[in-house]
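Right, one structure below, let's go through it.
Just the heavy atoms: all of them, side chains too, but no hydrogens, waters or symmetry mates, feed the values below. The sequence lines fix the lettering, A, B, ..., with proteins before strands; numbering per chain opens at 1.
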Amino acid sequence: MSIFLAMIQEAIHYGMVFLFGSTGETLIEKSGHLNLGVPGIMCLGAVGGGLGAHWAHQAGAGAAGIMVVSLLMTILLAGAGGLLYGLFTITMRCNQNVTGLTLTTFGAGVLGFWGTQMSNKGITFTEPSRIAFTSPLFFSGEVPDNWFCQLFLSYGFLVYFAILIAIIAAVVLKHTRVGLSLRAVGENPAAADAAGINVIKYKYISCVVGAAIAGIGGTFFLMDASRGTPEYIIDAMGWLAVALVIFSLWRPAIGIAGSIVFGFLYRLPYNISALTVVTLADKELIKMIPYAVTALVLIVISFFNKRETQPPASLGVPYFREDR
Amino acid sequence: MEHTNAIELVGITKAFGTKVVANKNVSMELRQGEILALLGENGSGKTTLMNMIAGIYTPDQGKIYVRGQEVTIKSPIDAYSYHIGMIHQHFKLVDLFTAADNIILGEHFHAEPSDGQNKGAAFFKRAGKRLAFGWLKHNRVKQLQTIVDQYGFNIDLSRKIYDMSVSEKQTVEIIKALYRGAEILILDEPTAVLTPQEIDKLFAVLRRMRQDGKSIIIITHKLNEVMAISDRVCVLRKGEHIATVETAATTEKELTDMMVGQKIDLAIERKEPVNPKPRLIIKDMTALNKEGRLALDHVSFEINGGEILGIAGISGNGQRELLEGIAGLQPLVEGEAIFNNPKENKPVTFFHKDLKQIKRMAEEGFFHYPDGTRVSLKGFKNKEIVKLVNDEKILFYEDEVIDLKQKTPREIQELGIKLSFVPEDRLSMGLVGNMSIVDNMMLRGYRKGRSIFLNRRRPKQLADTIIKDLEVVTPSDMTPVRRLSGGNVQKILVGREISSSPKVLMAAYPVRGLDINSSYTIYNLLNAQKEKNVAVIFVGEDLDVLLALCDRILVLCGGKVSGVVDARKVTKEEIGLLMTTVPEEVQVYRYEQEQDKEEVPHD
């Protein structure tokens with residue numbers, strides 16, 4: 001029982017990394033931009049989040065202070081990554097895939113460089129992580145040992161924040177004019193333009209806001225999921241976040257459930273060795289499951305062939321008004 | 001106020017680049033509460049003129065008055081603020097959305113400008129609306145439905161656009177314009193995509209809107225529709241305003257005269273066709289267009305070797321489908337395309353026929369020796385036959401009759417039936433924009449090579465010849481075609497098709513967008529082909545060119561042949577009438593020497 005509970009707890013914990021990433025990427029893709037730079041942007045976010053938390057902690061800030069500074073730095077760096085991506089793909093109309101992949105390589109490199117610097121100086125983030133991130137939001141001190149509290153109320157602020165953002169994104173996309181306009185931009189920018197929507201503005205805002213949200217995923221992984229011990233493998237998690245966008249059929253609400261599934265599958269190789277003896281090779285094999293599941297979902301939706309489950313129609317196509 | 005014009009245009013001029021003048025000093029007015037038909041041939045500048053009212057283009061010169069006030073309309077949004085709505089030919093709708101969502105899309109969600117009484121409250125109202133991102137109300141469909149019912153539209157607004165027919169999509173566009181408060185409505189060829197029943201419905205809606213006080217401009221080139229719906233007609237020709245007349249006080253004939261204008265002598269050299277023999281016989285060709293509507297309706301005609309057959313018709317009346325049908329690119333619902341391959345006294349080769357075919361055809365008496373005796377290959381060994389063929393000792397007895405329906409597009413091309421189609425987007429068919437001129441030459445001939453490596457020598461020679469002969473302006477023969485100007489791209493396309501010594505050459509709009517000199521180069525090329533006894537099909541828009549260049553002209557209207565006329569005798573007015581109406585009895589002009597042996601070629 002307790003092992004199973006711990007596994008689900010861990011699934012939710014790690015799942016939120018994917019949820020931040022996929023919510024951000026969904027917003028970007030809804031504007032018609034396939035940002036494969038999201039893994040890199042998450043790396044950039046982690047750098048910003050780590051730096052911010054470190055500085056705030058050094059300055060003697062409390063839990064709230066560390067969180068705020070850390071998130072601000074995350075949003076700044078990840079948002080800058082998103083802005084860069086927007087500049088290349090919206091204004092200069094560069095190839096989106098190439099730009100995105102470049103950004104990913106760049107972000108991973110920055111994270112690696114910064115991480116090495118940090119460990120050279122002997123800086124770790126375990127302290128700010130414990131104070132501000134992993135401490136439960138609803139309890140000061142120990143979480144009561146019953147399954148409800150353990151399962152639902154034992155997490156830090158960012159877990160609830162991730163779910164809140166996903167819900168807000170889902171509601172905005174589905175129920176507001178802003179969402180309607182954004183979806184129109186991604187589906188048929190020419191029609192949106194004719195309807196008086198500022199297509200370029202929408203694309204930029206969604207690129208920057210989406211990148212900022214995805215960047216928080218990086219910070220969350222560094223400071224919360226891995227408890228401040230620097231495991232610099234964030235770009236690998238970023239790819240899973242991109243896969244989750246497809247898995248969730250471009251719906252952030254489905255993404256919440258999907259992220260927990262992904263979190264469970266991602267941790268399965270580590271947890272399974274606690275239950276039974278597995279070889280290293282089997283472990284690597286199990287790591288493929290999330291990707292296999294995404295492929296399976298793609299196959300399943302292709303059977304239904306419904307327009308609603310397809311990616312935004314003009315995803316990856318640069319928009320240029322004079323191209324009539 | 002009653003006598004104010006809804007829109008008045010004064011001296012509007014618009015040019016694209018330095019060459020093409022789309023509108024020249026056009027003045028016209030739309031009265032309050034009338035339906036004005038804007039009539040003109042393709043390229044007469046109707047759509048450009050209307051786009052300037054709708055805010056898509058801005059005029060180079062001239063003034064626009066809306067309800068008596070001079071205005072500058074910079075964008076479609078501007079146009080809406082003057083209560084002008086335009087329904088384009090290509091609908092601007094998001095397929096995945098419901099009709100209702102499409103209608104409210106982009107409607108500004110800012111609060112109404114405050115009237116100065118309570119600034120604080122207005123600020124909070126605006127901030128609140130912005131924070132809520134403009135919550136979509138679930139009863140929006142119901143609210144919209146009231147507009148819909150008011151005009152008697154029969155449409156369910158909760159349906160998605162991708163489920164809708166073309167006419168329903170058009171209805172959504174009209175509702176969208178009305179919802180945004182359009183008092184002046186411009187419809188760009190609204191009937192082009194509709195069935196007759198749907199057209200009747202649309203006209204009923206337009207009449208109801210007129211009753212309601214709306215002013216409407218309808219762009220069309222169908223005379224019967226002009227007569228049926230409009231109060232007044234404004235005729236444009238070659239970018240210039242010809243006249244505006246009361247519909248009741250005019251006739252279709254008069255309108256046609258105004259539309260096509262006087263005949264202009266272009267001084268294109270035209271020789272009499274030498275020994276015209278049917279090369280291609282089309283019988284009952286019937287085909288559907290992309291939307292699944294009937295695009296060709298039992299089209300029958302023949303083309304002779306050594307003549308230029310012009311195809312006239314308003315664009316979208318089946319020209320594209322006809323050419324593609326011949327080229328094998330368009331699946332035919334019904335009909336035949338028989339090709340008389342000119343082979344008499346020509347040697348047989350293994351390029352088109354294999355050994356088995358040659359043996360079978362020899363048995364049926366298709367071949368003869370150079371001395372005239374029939375070939376019978378009975379008892380010959382395969383080796384001997386191969387030798388006879390390679391020595392060119394076996395000649396065709398008469399022209400080969402080939403049913404094109406059984407051939408693939410590639411086989412049809414190899415038979416020498418070449419299609420040079422210049423669509424609106426020149427690069428979409430025939431050339432690859434990112435490849436160099438030389439490589440584009442290879443697209444036609446790469447199957448001839450034997451080596452696995454490319455040999456650019458021959459294509460390079462060909463490219464250089466075309467560049468020299470047709471005066472293509474290009475930095476080098478390795479320049480990507482995409483970087484060339486439109487006229488040069490067209491020269492390369494036409495030049496390549498001609499270089500492969502075709503037997504039937506189909507050129508659709510080969511001079512579209514070209515300047516005069518380049519156009520004459522193309523005309524000369526086509527004439528040279530005609531002299532080589534090639535059957536040339538020329539699809540053109542400019543009636544003057546058709547009359548000066550072609551030997552016979554086939555007129556298409558609504559996917560049907562409305563006449564085949566002698567280009568030397570026919571007048572522009574006659575063609576104009578044929579382009580807009582299908583007469584009860586279709587006249588087909590044939591050469592006199594042909595008439596006695598008409599039944600021979602196909603059996």
Side-chain angles (χ1 to χ4, degrees), chain A residues 27 29-32 95 165 167-202 205-206 209 249-252 301 304-315 317 319-324, chain B residues 16 47-48 51 54-57 74-81 85-110 129-138 140 159-164 169 172-173 176-177 179-180 424-425 427-428:
Chain A
L27 286 183
E29 288 196 15
K30 281 289 180 191
S31 76
N95 182 302
I165 283 186
I167 291 170
I168 290 175
V171 171
V172 166
L173 279 177
K174 191 152 186 222
H175 293 291
T176 68
R177 288 184 191 280
V178 169
L180 188 71
S181 306
L182 179 60
R183 282 186 285 142
V185 167
E187 287 290 335
N188 186 346
D193 205 6
I197 294 166
N198 189 337
V199 174
I200 303 298
K201 185 174 122 192
Y202 265 85
I205 291 178
S206 78
V209 171
L249 309 176
W250 292 266
R251 286 179 178 77
I301 13 177
F304 293 106
N305 197 18
K306 256 182 87 185
R307 292 287 293 266
E308 281 77 4
T309 56
Q310 296 300 310
S314 74
L315 186 65
V317 185
Y319 178 63
F320 182 35
R321 188 187 274 182
E322 278 83 48
D323 269 353
R324 281 178 198 285
Chain B
F16 294 103
T47 305
T48 311
N51 275 343
I56 291 175
Y57 301 138
K74 290 196 213 89
S75 68
I77 311 304
D78 265 13
Y80 272 117
S81 71
M86 180 158 172
I87 286 120
H88 297 268
Q89 256 179 308
H90 304 284
F91 304 135
K92 308 234 173 187
L93 295 171
V94 181
D95 278 354
L96 200 62
F97 288 4
T98 61
D101 281 347
N102 264 293
I103 290 163
I104 61 161
L105 182 68
E107 184 199 19
H108 293 291
F109 43 84
H110 310 289
K129 277 205 174 184
R130 285 203 175 171
L131 271 180
F133 291 114
W135 195 260
L136 293 175
K137 294 185 185 70
H138 279 290
R140 63 189 186 273
R159 275 173 61 209
K160 301 246 167 141
I161 299 294
Y162 62 74
D163 269 343
M164 291 188 169
K169 287 180 193 173
V172 175
E173 284 277 18
K176 195 162 115 185
Y179 178 71
R180 298 194 177 189
E424 279 115 84
D425 174 11
L427 290 176
S428 75

Notebook entry, point to check: For A/Ala194 and B/Lys92, which heavy atoms make the closest approach, and how far apart are they?
Noted result: CB-CD, 3.5 Å

Next item on the list: Return the set of residues passing salt bridge (Lys or Arg N to Asp or Glu O under 4.0 Å) with B/Lys160 (not counting sequence neighbours), or none when no residue passes.
Entry: A/Glu308

Notebook entry, point to check: If you look at every heavy atom in B/Leu105 and A/Ser181, which pair is closest and at what distance?
Noted result: CD1-CA, 3.9 Å

Check: What residues, two or more places apart in sequence or in another chain, satisfy salt bridge (Lys or Arg N to Asp or Glu O under 4.0 Å) together with B/Lys176?
Finding: B/Glu173

Notebook entry, point to check: Are any side-chain N or O atoms of A/Asn188 and backbone N or O atoms of B/Leu93, one a donor and one an acceptor, separated by less than 3.5 Å?
Noted result: yes

